[in-house]
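Data first, discussion second: the structure below is written as structure tokens.
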Amino acid sequence: MSASKVVMKIVSFCFSILIVILLVMGFYRGGKWAFEFGHRVFTETAVDLPEDGQEKVVEITPGMGAMELGDLLEKKGLIRDSKLFFLQLKLSSFSNKMKEGTYTLSTSMTAYEMMQVMSASEIEDTETEE
């Protein structure tokens, strides 16, 4: 075997090892990101602590989709990630139950609490006249 063939085999082997290392690193980082994102779907905390919460007014218009609602809430500073809110909404029992209207929400509310408020039906007056 000539020296050039030996060098080529060594370079080829090193290149193969480098490719394997890069693939393992990519899978590790992708898996870590996916786990953290999936964990946040169910455990995301409010933007602010209860004592630091700020109230913001949000209007849900007719035909507003879940992604548009998430973008609006993120723009208002009520949530951190609109894509995460979209997934939380789609996986919740509130999916397709958001009611149009104007709501006052707080930065100390979790996404789940905001969904409860925005999907609640109006309270009807149940007093009876005597």
Verdict with supporting geometry, Leu78 and Glu55, side chain to side chain contact (heavy atoms under 4.5 Å, CB included): CA-CA 9 Å; Leu78 292 162; Glu55 291 188 344; over 6 Å; no
Would you please test Leu84 and Val41 for side chain to side chain contact (heavy atoms under 4.5 Å, CB included) and show each step? CA-CA 6 Å; Leu84 179 67; Val41 167; 3.5 Å; yes
For Val58 and Met114, run side chain to side chain contact (heavy atoms under 4.5 Å, CB included): C-alpha distance rounded to whole Å, both residues' side-chain angles, the deciding distance at 0.1 Å, then the answer. CA-CA 11 Å; Val58 174; Met114 289 181 213; over 6 Å; no
Assess the residue pair Thr61 and Glu68 against the criterion (side chain to side chain contact (heavy atoms under 4.5 Å, CB included)); give the C-alpha distance rounded to whole Å, side-chain angles, the decisive distance to 0.1 Å, and a yes or no. CA-CA 10 Å; Thr61 57; Glu68 294 169 316; over 6 Å; no
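Here the CG-OG1 distance, from Leu49 to Thr107, works out to 9.5 Å after rounding to the nearest 0.5 Å. Here the NZ-CG distance, from Lys75 to Asp71, works out to 7.0 Å after rounding to the nearest 0.5 Å. The CG atom of Leu73 lies 11.0 Å from the NZ atom of Lys56; values are rounded to the nearest 0.5 Å. In this structure, Ser119 OG and Asn96 CG are separated by 11.5 Å, a value rounded to the nearest 0.5 Å. Interatomic distance, Glu44 CD to Thr110 OG1, rounded to the nearest 0.5 Å: 9.5 Å. Here the CZ atom belonging to Arg40 is positioned 5.0 Å from the CG atom belonging to Asp81, to the nearest 0.5 angstrom.
In plain terms, the two heavy atoms of Met98 and Met115 that are nearest each other are CE-O, 3.6 Å. Lys99 approaches Ala120 most closely through the heavy-atom pair CD-O, 3.6 Å. In plain terms, the two heavy atoms of Arg80 and Ala46 that are nearest each other are NH2-O, 3.0 Å. Closest of all the heavy-atom pairs between Ser108 and Gly53 is CB-CA, 3.9 Å.
A distance-only check finds no donor-acceptor pair linking the side chain of Arg29 to the backbone of Val24 [under 3.5 Å]. Ser12 places no side-chain N or O within 3.5 Å of a backbone atom of Lys9 that could act as its donor or acceptor partner.
Hydrophobic clustering (ILVMFWY, side-chain heavy atoms < 4.5 Å, transitive): Ile60 and Leu89 are in one cluster. Note on Phe42: it clusters hydrophobically with Leu87, by side-chain heavy-atom contacts below 4.5 Å among ILVMFWY residues. Clustering ILVMFWY residues whenever any of their side-chain heavy atoms sit less than 4.5 angstrom apart, transitively, puts Phe15 in the very cluster that holds Leu23.
Heavy-atom contacts from other residues, nucleotides or ligands closer than 6.0 Å to CE of Met64 number more than 12.
Counting heavy atoms from C-beta on, the side chains of Ile79 and Glu74 come closer than 4.5 Å. Met67 places a side-chain heavy atom less than 4.5 Å from the side chain of Lys83. Under the 4.5 Å side-chain criterion, counting only non-hydrogen atoms from C-beta, Val117 is not in contact with Glu113.
Sequence neighbours left out, the pairs with a member in residues 82-120 that pass ring-ring contact (aromatic ring centres under 6.0 Å, His included) are Phe94-Tyr112.
Counting Ile, Leu, Val, Met, Phe, Trp and Tyr side chains that sit under 4.5 Å apart, directly or through other members, Val57 stands alone, with no cluster partners.
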